[in-house]
Number of protein chains: 2
Amino acid sequence: MKRPTLEAVAARAGVSRATVSRVVNGQLTVTPQIRDAVMRAVDELGYVPNSAARSLVTQRTDSIALVVSEPPTRVFSEDPMFSTVIRSASLELEAADKQVVLMLAGSPTSHARIERYIASGHVDGVMLISMHGADPLPAAIARMGVPVVSYGRPAVPVPLPFVDNDNVGGAEKAVRHLLDRGRRRIATIAGPQDMIGGQDRLAGYRNALRESDRRSIVAVGDFTRESGAIAMRHLLEDDPQLDAVFVGNDLMAIGALQTLRQSGRRVPDDVAVVGFDDIEAARYTEPPLTTIRHPIIEQASAMVRLLLGMFKGGPAAPVILPTELVIRESA
Amino acid sequence: MKRPTLEAVAARAGVSRATVSRVVNGQLTVTPQIRDAVMRAVDELGYVPNSAARSLVTQRTDSIALVVSEPPTRVFSEDPMFSTVIRSASLELEAADKQVVLMLAGSPTSHARIERYIASGHVDGVMLISMHGADPLPAAIARMGVPVVSYGRPAVPVPLPFVDNDNVGGAEKAVRHLLDRGRRRIATIAGPQDMIGGQDRLAGYRNALRESDRRSIVAVGDFTRESGAIAMRHLLEDDPQLDAVFVGNDLMAIGALQTLRQSGRRVPDDVAVVGFDDIEAARYTEPPLTTIRHPIIEQASAMVRLLLGMFKGGPAAPVILPTELVIRESA
DNA sequence: AACCGTTCAGAGAGCGCTCTCGGCGAATCC
DNA sequence: GGATTCGCCGAGAGCGCTCTCTGAACGGTT
C-alpha cells in the first residue's frame, strides 16, 4: 500500500519515466495518444508527485515563509490585523500556486530555528511581518540570498524591499482634520517608539502641529487598549483643558474613550478623538470612532506581488500605500 | 556561491559523508575527536542540511498542515479565536520541532489543491479546523493514510479523532445560571445550524430548559455581531416580555446588547444576557458580558499532543474539555 | 601466537524525480 | 532518391541525503 511512483505509472502506461514526467508537468512535446494513456495511468493509480524528490532536483519548493515577529507586548495576536494580513497574503499566494508556511518568531530560541529552516531550502522566499524595531531577523535572512520582503518599513535601515502604508501622512491627515474642526489643544497618544508605526504616526502628528504653531501634548502607550486608557488619564492630568486627541491606533483609542467617559467628558463635544487603523470594533464604539483607514488587504497583496516579481528578476522598490480619513462621530 | 553539501563538509573535515551525517544527526558512535573536526567544518562552511534530500530518504518532513476551513460567512478571520488557535498550536508544535504549514480552505478550488498537497507528502500530519458542517475535507484526508486530528467535533460522523470543548454542557451551565437568577422567559440566539458549535449550544439550551419546563424561544444568527443584533430584534418582537437571552457566541451577544440598548431595555435589570466564548471584547461591553469560557489555548495544545501521540502509535481517542461560567454584570 | 568480539569509519546503493542528450522514424528539401 | 531536418521518446546521470553493510583496527581471551 505504498504511494505509486513515476516508475509505476510509466510501467502501467508502457512508456518511460521521462515521458510520464513530461505529461505530469504539462509539456507539449508528447503525442496526444501517449499523453492520454499516461493520464489514464495516473488516474488509475492515484499518482501524486513526491514533492521532496521534485524539489531536490528543481531547487524550488513553491512555498513561501510568512514570518511573524511578535512585538514585546503580546497583543499582536489579539489584533485583528494579524489574521487579516495572513489571510489575504495566503489567498494571493494560493492564486499563484504557492504554499504558505507560517512561522512565529516569538520566543528567543525561535530565531535560530527560523534561520535554519530558511537556510535548509524549505522555502523560495520570505515575507516578514515585524513591527518590532530592533529585530535582527530581517538582516539575517537577507544575508542568505533568499528573496525577502517586509510588511511595514523595517525600523533599522536595512536594504530590504517593503510595502507600507503612509503612516506619517495618515497621522497628518488626522491632526489636520482636528484642526479644521477648530480644535485648539490637540494631544496624542503615541504607540511604542520601538515600533515603526509608533514612530511614524507620532512624527505625522508633530508635522501637522508644527505647521499650525500649536504645542504638542504627548503620552505614550503600547498599542493595547489598556495602555490607551492609562495614557488618556495622564493626558487629562497634564492638561485638563485639552479638546482633542489623536490616538496612534484604534485599540488604544477605545481605551481612551473609556477613560474620557469615566472622567465625565463628552465625545466629541468636549474632547474629539481620532484613531488609526479602522479596525472593525471602531464602528461599534460609543460614539463610533473617527479613524484613519489603511488598506491592509491591499498592502498584503502588494507584498505578495512584490515578492513574486522578485522571483522573476523584477525590481524591488518599496511600495507605499495611501491612507484615508474615515469620519464617524468621535471627531 | 552555492550552499555547501555534506560532501563538501566531509572533504574539509577529511572524513566520509556517512560520518558527517552521523555527527549532524547526533549519533554517539563517533569518536569525540572526529566529531569535533566535523563540527568545526560545519561551522566554517555554514552547512545546513538540505531538507528536500533528507526527507526524500527519511520519508518525514517534520511539518504539519494546519488546514482552516472557513465557514460560509466570512467572519471567521475577524474572530479572535482564529489567531489564538493558530498561535497556540504553532507554539506547541514549535516546541516539538515541527513546522506549521498554514492552509486556508476557503475557495471551492482549494479542496483539490489541499488534497494534492497533502498527498504529495509535504506534511507528516494534518490538523483540521473546520467549524463547517458538510465539509468533505476531513473524510478525504483521512482516506489518504495521513494522521489527522480535528479541532472541534466533525459535524458529519466521520471516524476522526478530535478535541472539542463541552458546548452542550457550557450552554446548559449558562441557562441554568439564568434560571438560578430567577429568570422566567429565557430566549436564545443560536449559531448557524450547519456548524457543530451552533448545533450543540442550542441543544444545551434546550436540555436545560426542558428540565425546568420553560418554553424555548429561539432565533438563529450566523455568529456575526450584526446577525446578533437582528436576531435580538426578532426575539423582542416575538416576545416583548422576555427577561433573559442566552447567545451562542460573544460576537452575537455584543450585537444583541446593542439592540437591547436601542430598544430601551436595561441590562441586566430588564433582560439578562449570557454569551459564549469569553473573547476579549466581552470584558469591555456595556455592561461587561457574562459568558462561558472555554480554554481555546488548551484545546489547541491538546490537539497538537493528540496528533503527536498518534505518530508514536498512541491512542486516538477524542478529548472533551470543560467550560467555565464567567460571571460579569450582564447576567 | 592465534582467535574472537567489539567499536567505529567508509563504501555504495537508493530515495523519486527532472533534464540533457542521443537515437530513431517521419517529414522535408534539393 | 539520398541528405537533412525535425519531432518525439528513452536512457541515464545526478540532485543531497540516509542507512545498511563491510571491513579495519584494537583489546582481550585461550
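Quick note on labels: first sequence line is chain A, next is B, and so on, each numbered from 1. Heavy-atom basis, side chains included; hydrogens, waters and symmetry copies ignored.
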| said: Could you go through A/Tyr151 and A/Ile296, starting from their C-alpha distance and side-chain angles, then the distance that decides it, and tell me whether this counts as side-chain contact (heavy atoms from CB on, under 4.5 Å)? | reply: CA-CA 10 Å; A/Tyr151 184 94; A/Ile296 300 183; 3.4 Å; yes
| field | Check against side-chain contact (heavy atoms from CB on, under 4.5 Å), B/Met127 and B/Leu93 | value | CA-CA 11 Å; B/Met127 302 192 307; B/Leu93 283 170; 3.7 Å; yes
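The CD atom of A/Gln99 lies 11.5 Å from the CG atom of A/Leu66; values are rounded to the nearest 0.5 Å.
For D/dG7, the OP1/OP2 oxygens have no side-chain nitrogen or oxygen of A/Thr31 closer than 4.0 Å.
In this structure, A/His122 and A/Val101 have side chains that are not in contact, with every pair of non-hydrogen atoms separated by 4.5 Å or more. The shortest side-chain heavy-atom distance between A/Met103 and A/Arg113 falls under the 4.5 Å cut-off.
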| said: Base contacts versus sugar-phosphate-only contacts with protein, heavy atoms under 4.0 Å: please encode nucleotides 15-26 of chain D as B, S and - from 5' to 3'. | reply: BBBBB-------
